[in-house]
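Single-structure report; data block below.
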There are 2 protein chains.
Amino acid sequence: MNTKEIKLKPIGIIHTPYKEPKGMPIQGKFKEGVTGKIEVFPKYQKGLKDIEGFSHLILLYYFHRAKEEKLIGKPFLEDEAHGIFAFRSPIRPNHIGISIVKLEKVQKNIITFSEVDILDGTPLLDIKPYVSHFDSRENVKNGWLDKHFKEGKIPKRTKLG
Amino acid sequence: MNTKEIKLKPIGIIHTPYKEPKGMPIQGKFKEGVTGKIEVFPKYQKGLKDIEGFSHLILLYYFHRAKEEKLIGKPFLEDEAHGIFAFRSPIRPNHIGISIVKLEKVQKNIITFSEVDILDGTPLLDIKPYVSHFDSRENVKNGWLDKHFKEGKIPKRTKLG
């Protein structure tokens, strides 16, 4: 059994208008007209070569405000409790978050993006290109979430209260 | 500037038929008929409640065999060099991998999955449900990759040589 600790380092900081969770969408695509900036630390800037050809990026980051760790909890979308691996809450065993964002502009070590659902000051761990040939799936079953998106509707609770 | 080290712990181990990279697809969806097993450590088993309702999972894991760190490199699909954040290579600053896999079965703390592109013995960091309402995007530009998938074709180099 491999239980050795794994050490990571921030490669940048994510700057957004959301100083607090209140008003932030549960997924960036549910709130238009908001942009954020990814500040990639200058020592990693070279790694951004050719990233501007992608329309979307997958950001991996550290939920720096999450202090708790739970295995069962209630997602924001409903009052039923689920296992932590069946929803996206920050209070999971490893506090890693993932967001798919829309790339707007790259200038030196700064990436401007839209579709923002990340708190200001979040430490960035990785950027991967979103590749439709790899990351899109058909015939998806979305477990407890499907009932909230019936007939293409967007549920009411998409912003944190 | 927040450069504080971040500590994570494995929450399980991923078991697959791929003892070495040779023969492994660059994305699991390019090779059918292969299954793997996720062994979630028993202390985290409760967190799997309701996960069986999802058809696909996003796995985050540690590239335990990656010893190098590069900012520029050649992806497996072509001989042109790109920035590390414009492709998916393990030799990135933080050795975190992401795979979307197909959930086949959950039995206690063991998840059987298909669409396998992960080496045997890989430490698991997190499981998130794949949610089509969150994770699918339209009008995607895939940078340098699009030319390899013209007219819906699958490129030849989809298995590691």
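Below, each value reflects all heavy atoms present in this structure, side chains not excepted, and no hydrogens, waters or symmetry copies. Labels below follow one simple rule: chain letters A, B, ... track the order of the sequence lines, proteins then strands, and each chain is numbered from 1.
- With a 4.5 Å cut-off on non-hydrogen atoms, B:L8 touches chain A through its backbone and its side chain both.
- Nearest heavy-atom pair, B:I127 versus A:R92, reported as atom, atom and distance to 0.1 Å: O-NH2, 2.8 Å.
- Ranked by non-hydrogen atom pairs under 4.5 Å with chain B, the options A:D135, A:I98, A:L145 are led by A:D135.
- Between the B:K9 side chain and the A:P93 main chain, a donor and an acceptor come within less than 3.5 Å of each other.
- Across B:V140, B:I84, B:N94, the residue that shares the most heavy-atom pairs under 4.5 angstrom with chain A is B:N94.
- Rounded to the nearest 0.5 Å, atoms CD1 (A:I26) and CG (A:L77) are 4.0 Å apart.
- Neither the backbone nor the side chain of A:L103 comes within less than 4.5 Å of any heavy atom in chain B.
- With a 4.5 Å cut-off on non-hydrogen atoms, A:I51 touches chain B through its backbone and its side chain both.
- Side-chain N or O atoms of B:H82 include none that pairs as donor or acceptor with a backbone N or O of A:D50 at under 3.5 Å.
- Looking at B:S99, its side chain never comes within 3.5 Å of a backbone N or O of B:V101 through a donor-acceptor pair.
- Looking only at distances, no side-chain donor or acceptor of B:T35 sits under 3.5 Å from a matching main-chain atom of B:F113.
- A donor-acceptor pair under 3.5 Å links the side-chain atoms of A:D120 to the main chain of A:T16, judged by distance alone.
- Residue contact with chain A, scored on non-hydrogen atoms closer than 4.5 Å, involves the backbone and the side chain of B:Y130 alike.
- Proximity to chain B (any heavy atom under 4.5 Å) is shown, for A:E80, by neither the backbone nor the side chain.
- No donor-acceptor pair closer than 3.5 Å links the side chain of A:K43 to the backbone N or O of A:V40.
- Both the backbone and the side chain of A:R137 come within contact range of chain B, each with at least one heavy atom under 4.5 Å from a heavy atom of that chain.
- If you measure heavy-atom distances from A:D146 to chain B, the contacts under 4.5 Å come from both the backbone and the side chain.
- Per-residue counts of heavy-atom pairs under 4.5 Å with chain B were compared for A:N139, A:I6, A:L71; the largest is that of A:I6.
- No part of A:L57 comes within reach of chain B, as not one of its non-hydrogen atoms sits under 4.5 angstrom from that chain.
- Not a single donor-acceptor pair under 3.5 Å links the side chain of B:D117 to the backbone N or O of B:M24.
- Interface residue A:E115: only side-chain heavy atoms are found under 4.5 Å from chain B.
- In this structure, chain B has heavy atoms under 4.5 Å from both the backbone and the side chain of A:L48.
- Both the backbone and the side chain of B:Y44 have a heavy atom closer than 4.5 Å to some heavy atom of chain A.
- With hydrogens and angles ignored, the 3.5 Å screen pairs no side-chain donor or acceptor of B:K29 with any backbone N or O of B:I100.
- Of the residues considered (A:F149, A:F85, A:F87), A:F85 shows the highest number of contacts with chain B, using heavy-atom pairs under 4.5 Å.
- For the set A:S55, A:G28, A:A81, the entry with the most heavy-atom pairs within less than 4.5 Å of chain B is A:S55.
- At distances below 3.5 Å, at least one donor-acceptor pair connects side-chain atoms of B:W144 with backbone N or O atoms of B:A86.
- In this structure, chain B has heavy atoms under 4.5 Å from both the backbone and the side chain of A:F134.
- With chain A as the partner, the residue from B:I96, B:I154, B:I72, B:I11 showing the most heavy-atom pairs under 4.5 Å is B:I96.
- Proximity to chain B is absent for every atom of A:K70, based on heavy atoms less than 4.5 angstrom apart.
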